[in-house]
Amino acid sequence: MFYADLHIHSKFSRATSKDMNLETIEQWAQIKGIKLMGTGDFTHPEWLKEIDEKLQEEGNGLFTLKEPYKLQVPESCKGEVYFILTAEISCIYQKNGKLRKIHLLLLCPSLRDATKINHALSQIGSLTADGRPILGIDVKEIMRIILEISPETLLIPAHAWTPHFSVFGSQSGFDSLEECFEELTPYIYAIETGLSSDPKMNWRLSKLDKIILISNSDAHSPSKIGREANLLDTELSYSAITEAIKTGEGFLGTVEFFPEEGKYHYDGHRICGIRLSPKETISRNYLCPSCGKKVTVGVMHRVELLSDREEGFKPDKALPYKSIIPLLEIMAEINNCSTQSKIVQNTYMKTIFKLGNEYEILMNKALSEIYEVNSKLAEAIERMRSGKVLVEPGYDGEYGKIRVFGEPEEMKPKGQTILF
Amino acid sequence: MNLNKSQKIVAESSNKYLCVLAGPGTGKTLTITAKIIHLLKEGIAPEEIAALTFTQKAAIEMRDRVTERLHKKEDIPFIGTFHLLCIRLLRAFLPKKEKFFKICTKSMQKEIISSISNKNPEKILEKISKFKNIGLELDETTSQIYEKYENKKNELNLLDFDDLLDKTLRLLEEKRIPPLFSHIIIDEFQDINKIQYDLIKKLLKKNGYLSVFGDPDQAIYSFRGSEIDLFLNLPKDFKDLTLINLSLNYRSQANIINASNKFITANTKRFSKKIEPLKSEKSKLIFIEVEDEYEEARIILREIKARLGATDFSELYKNKEETQYSFSSFAVLARTNSQLKIIKDFFIKEGIPIKTIQKDSDGWISQLTKKLTNILSNSDLITKLSTNKSLSDFLQSSGILDDLSEIETFLVKNIAKTYKKGNLIEQIQTFIDELSGLTPFDLFPENLNAVSILTLHGSKGLEFPVVFIAGFDEGLIPYTLSNDIDLEEERRLFYVGMTRAMDDLIILHAKKRFIKGKTLNFSPSSFLKEIPSEYLEIKKVRPKDSGPKQKYLF
């Protein structure tokens with residue numbers, strides 16, 4: 001069994017940390033407890049060059065970091081890390097009279113195929129400007145082109161519910177996979193649920209019953225790696241892993257953000273400080289009570305609109321998942337300061353040194369062992385594991401807030417927030 | 001067909017000499033198509049009709065519409081460029097020995113010139129063409145090159161584009177080609193030159209009908225030898241000429257029409273024509289003054305993104321507005337190619353898809369024609385080809401299109417699909433002829449979803465929801481940095497640019513820019529005061545953009 005985070009971005013993408021290089025990614029994967037990492041950004045020629053230089057092919061479609069590049073990792077976290085070639089592309093185009101902006105995640109079987117795909121994509125758009133290239137072409141067309149070049153490449157709609165750049169997004173998405181991918185819909189085996197939705201929300205759409213729900217971090221900096229991930233039990237090879245994502249065979253489930261913490265869980269207007277639940281949005285006719293313009297409709301709302309089942313429905317074949325809060329955030333709450341603060345950073349590293357990687361701590365470690373190191377942390381993790389958390393849902397690009405301690409009334413909502 | 005009143009009158013007119021003043025966006029192509037169909041329905045034999053265009057693109061579009069309308073591909077009148085018509089006539093009327101000439105395409109012309117001299121082939125060819133077309137005298141060196149060039153072509157049995165017209169006209173004058181058509185229709189008549197004009201008159205049968213469509217206000221090719229006077233003198237040349245004005249504009253919102261209508265009246269060499277907008281008024285024309293060419297590129301991109309919404313998560317809160325626009329809704333126009341370079345580089349760096357008219361975009365065509373020619377000269381293959389298989393099927397199965405990009409394949413198939421008649425070998429020969437006539441204009445990928453970056457000349461015939469005209473600087477528009485300037489033509493050129501816009505027209509002026517090795521200061525174009533201020537909004541770049549210099553690095 002191993003954890004896989006298949007969607008991250010390199011330092012060649014916009015608004016990413018310059019530490020997103022292969023060395024640091026490998027280091028942090030171990031700290032987090034992840035065995036399989038997406039390389040991200042293989043469409044970027046310079047990043048692909050680095051991949052070629054620093055990684056060695058394992059002959060099974062996976063890669064490892066060459067020995068001389070390896071960075072120090074606490075003994076307690078040490079583990080093997082494999083890389084798989086991944087990238088994200090952004091298709092911006094018109095269809096049925098509307099502007100569409102769809103992000104697509106690519107898993108690619110080899111450097112050879114990646115090079116061929118890059119060649120084809122470079123005829124369509126610029127690959128050097130951003131690790132996530134903008135292509136002015138129908139996502140279905142690009143899919144056809146890529147599958148013709150590399151039939152083994154797996155294409156997955158990225159963060160499928162996010163309002164602005166996704167297949168179901170309220171702003172520039174579609175109402176169904178069929179409307180977007182038409183006759184190529186059978187080649188969509190999985191969707192990425194994104195931070196603002198969890199499997200439970202997706203279960204409400206019967207049309208998604210056959211679709212594997214995957215989760216990834218979409219990390220732009222090393223410490224965000226693994227904030228969501230997948231649990232697989234397969235042989236370590238490209239074909240086995242993609243087969244699991246296609247069929248569900250060997251795909252055991254996901255590690256999830258609490259969806260309320262995601263940036264687009266609720267509706268609202270970030271600039272106006274207005275957060276609305278889907279019901280409130282409807283009662284206000286989709287208009288912002290502050291500026292009067294249309295609010296950004298979030299993920300929960302979209303699920304409501306497109307779903308054909310009641311809340312709480314669980315399909316037979318539903319896979320289990322675990323909801324976590326990043327360890328740094330828990331520690332920030334305990335210490336009552338930011339995740340960037342020295343004390344939080346230090347405590348984090350100390351804990352990791354003593355107890356092992358973050359996933360181990362959050363999900364498996366016996367509470368008694370954690371208690372010995374940090375009693376408050378043990379209590380926090382117990383609450384998290386049993387889902388006893390307080391939430392202030394995110395909206396219109398504003399992360400939600402999640403707490404394990406305190407009473408509901410302690411959450412200080414700003415603006416028009418109404419809690420559930 | 002849905003025609004408005006004047007379009008219908010034109011389509012059904014039985015006037016002998018008809019001149020249709022068709023301003024921008026008034027449905028010229030539609031009307032010409034309707035006229036062709038009307039003639040056919042009246043029982044005129046297809047071989048009596050010729051419709052002439054200046055671009056293959058226009059010809060293909062018309063042919064498509066006619067075949068679609070008539071539900072057949074056979075017995076369609078000639079619809080094509082002057083060059084294509086001349087090729088057909090020469091192949092039909094030249095004696096056997098000469099009729100198997102090959103066409104000397106632009107790239108072959110350049111090859112020949114380069115093999116003779118190390119001078120810039122582009123410039124030499126321009127001089128030679130002017131000499132052949134309007135008799136502009138050659139200097140001594142060019143004259144020597146010219147002689148060798150002609151010899152070389154004769155040796156190889158090649159005819160260049162000017163030769164095609166020239167030779168056809170000679171045959172007509174010598175009565176070796178008789179007048180062939182009783183109905184001639186000419187598109188974009190403002191682009192006609194003297195040779196083409198004479199050609200038409202000779203091809204028209206006695207008592208034949210001539211209909212010309214065009215807009216003298218869009219005559220922008222005098223540097224290629226087009227003569228606006230030919231248009232303006234039509235009423236003198238054809239005594240019983242009927243003038244009809246297509247006046248309803250379907251393209252642009254009212255402010256753009258009203259502003260451009262007024263603007264062009266400063267010219268004297270024109271027919272007064274009416275254009276009425278069907279769309280009601282939207283935003284005013286926008287004038288923006290910027291520091292330099294880099295800020296100009298940046299502001300254009302900012303304005304595009306403001307209309308497109310974010311293209312990236314990090315921009316979400318700058319650009320809220322979501323629209324129905326897409327990358328292809330935008331065009332950036334400028335007077336010169338060197339201005340466009342900076343804008344192109346900036347867009348590429350920002351990852352915005354762009355498309356341009358590339359001068360040397362026809363390399364793949366030469367290769368394709370070469371391959372086809374090889375097939376025709378291979379006797380083994382020839383026997384196999386003696387079937388009535390359609391050209392499209394042949395191209396598909398031969399694998400000859402495999403190396404082409406998606407856009408190229410699309411274009412080739414589009415041309416090939418109108419072929420049905422004759423055996424395959426003949427079809428391939430005609431197809432080669434047509435391919436060699438394709439120009440960079442014809443190759444512009446109109447359907448590609450990308451921002452168009454074009455010269456004002458290159459924008460002719462196209463339309464876009466949002467148009468930016470960059471470099472509205474005195475010196476660039478009108479272009480006075482060279483010696484021989486024709487102010488009226490410059491005004492027409494800007495008029496063409498303005499009338500490309502459907503919704504928004506944004507004009508930018510940079511206070512200084514780097515041109516020909518030095519930084520020059522510019523004032524706004526003198527044309528600015530010719531745009532009535534009631535249609536114009538002057539916008540300032542926000543102060544934060546002009547603060548301490550932190551320019552983009554390239």
Side-chain angles (χ1 to χ4, degrees), chain A residues 9 13-16 43-44 89-101 103 120-138 141-142 144-145 148 159 162-165 169-172 218 220 263-264 269-271 288 291 293-296 396-398, chain B residues 297 301 304-331 343-356 358 361 364 402-410 445-453 464-466 552 554:
Chain A
H9 289 283
S13 278
R14 303 221 156 167
T16 56
T43 53
H44 197 283
I89 55 175
S90 170
C91 296
I92 302 186
Y93 61 102
Q94 249 177 340
K95 185 168 176 183
N96 304 336
K98 233 183 105 182
L99 182 65
R100 317 287 176 164
K101 301 176 185 172
H103 287 184
L121 298 187
S122 68
Q123 314 287 308
I124 301 166
S126 160
L127 298 186
T128 49
D130 189 349
R132 185 202 303 107
I134 296 171
L135 305 169
I137 184 170
D138 190 321
E141 286 308 309
I142 204 70
R144 192 176 53 73
I145 291 169
E148 268 172 21
H159 37 73
T162 197
H164 300 278
F165 301 104
S170 61
Q171 298 283 334
S172 32
D218 200 352
H220 287 203
K263 285 198 271 192
Y264 295 100
H269 255 179
R270 174 158 100 156
I271 299 168
C288 170
C291 71
K293 288 191 188 151
K294 199 174 169 264
V295 295
T296 303
D396 194 22
E398 184 80 35
Chain B
L301 187 62
I304 289 176
K305 287 193 169 178
R307 286 165 176 78
L308 207 55
T311 52
D312 183 317
F313 279 112
S314 59
E315 291 160 352
L316 276 173
Y317 303 97
K318 289 182 215 151
N319 309 305
K320 269 313 240 198
E321 210 76 14
E322 297 283 338
T323 66
Q324 78 283 18
Y325 292 148
S326 188
F327 293 117
S328 54
S329 313
F330 302 92
I343 297 168
K344 270 188 248 175
D345 289 348
F346 182 70
F347 276 51
I348 290 169
K349 185 177 147 278
E350 291 289 314
I352 301 297
I354 59 165
K355 55 183 171 182
T356 57
Q358 284 165 307
S361 55
W364 63 274
D402 289 356
D403 298 338
L404 302 186
S405 79
E406 199 123 339
I407 294 160
E408 291 159 359
T409 316
F410 178 77
E446 234 174 291
N447 295 323
L448 188 71
N449 182 22
V451 176
S452 299
I453 299 195
F464 307 91
V466 181
Y552 282 86
F554 283 83

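If you're wondering where the values come from, they're calculated on a predicted model, not measured in any experiment. When reading the values below, keep in mind they use all heavy atoms of this one structure, side chains included, and skip hydrogens, waters and symmetry mates. Labels below follow one simple rule: chain letters A, B, ... track the order of the sequence lines, proteins then strands, and each chain is numbered from 1.
Scanning both residues, Ser326(B) and Tyr93(A), for their nearest heavy atoms gives OG-CA, 3.7 Å. In plain terms, the two heavy atoms of Lys349(B) and Arg14(A) that are nearest each other are O-NH2, 3.7 Å.
In this structure, the side-chain contact (heavy atoms from CB on, under 4.5 Å) partners of Pro163(A), at least two apart in sequence or on a different chain, are Ser170(A), Gln171(A), Tyr264(A), Thr296(A). Legend: residues meeting ring pair (Phe, Tyr, Trp, His ring centres under 6.0 Å) with Phe347(B), ordered by chain and number and at least two apart, are absent. Here Lys344(B) pairs with nothing under the salt bridge (Lys or Arg N to Asp or Glu O under 4.0 Å) rule; sequence neighbours left out.
To the nearest 0.5 Å, atom CG of residue Asn449(B) and atom CG of residue Leu99(A) are 8.5 Å apart. Taken to the nearest 0.5 Å, the CG atom of Leu308(B) stands 5.5 Å off from the NZ atom of Lys101(A).
Interface residue Gln94(A): backbone and side-chain heavy atoms are both found under 4.5 Å from chain B.
Using a 4.5 Å cut-off between non-hydrogen atoms, the part of residues 126-135 of chain A that approaches chain B consists of Ser126(A), Ala129(A), Asp130(A), Arg132(A), Ile134(A).
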